[in-house]
Amino acid sequence: MKDKIETLSTVRLTYTEDLYKIVDSLNRTLKEDDLMFGLALDEDDNETAVFTIYRT
């Protein structure tokens, strides 16, 4: 089992309240392919979301 999580891509985009639904669906669908998706608000701008793709 790998101990390291690799960041594959990070994208900044305008936050909308339904973005989490996409991230949730991607995580449920692709977890068996060793992919994980994250979503966070930018620390300095609450109107910007940071979407990240990881390989686990």
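Numbers for residues simply follow the sequence, beginning at 1.
For the pair Asn27 (side chain) and Met36 (backbone), a donor-acceptor distance under 3.5 Å is absent.
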Give the table of side-chain donor-acceptor pairs shorter than 3.5 Å for residues 44-54, with sequence neighbours excluded, one pair per line with atom names and distance.
residue, atom, partner, partner atom, Å
Asp45, OD1, Glu47, N, 3.0
Asp45, OD2, Thr48, OG1, 2.7

Give the table of side-chain donor-acceptor pairs shorter than 3.5 Å for residues 14-22, with sequence neighbours excluded, one pair per line with atom names and distance.
residue, atom, partner, partner atom, Å
Asp18, OD1, Lys21, NZ, 3.4

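Within the structure, salt bridge (Lys or Arg N to Asp or Glu O under 4.0 Å) contacts touching residues 25-41 (residues at least two apart or in different chains) are Asp24-Arg28.
Both Phe37 and Leu13 are members of a single hydrophobic cluster when ILVMFWY side chains are connected at heavy-atom separations under 4.5 Å.
Between Val11 and Ser9, the shortest heavy-atom distance links the atoms CG2-OG, 4.0 Å.
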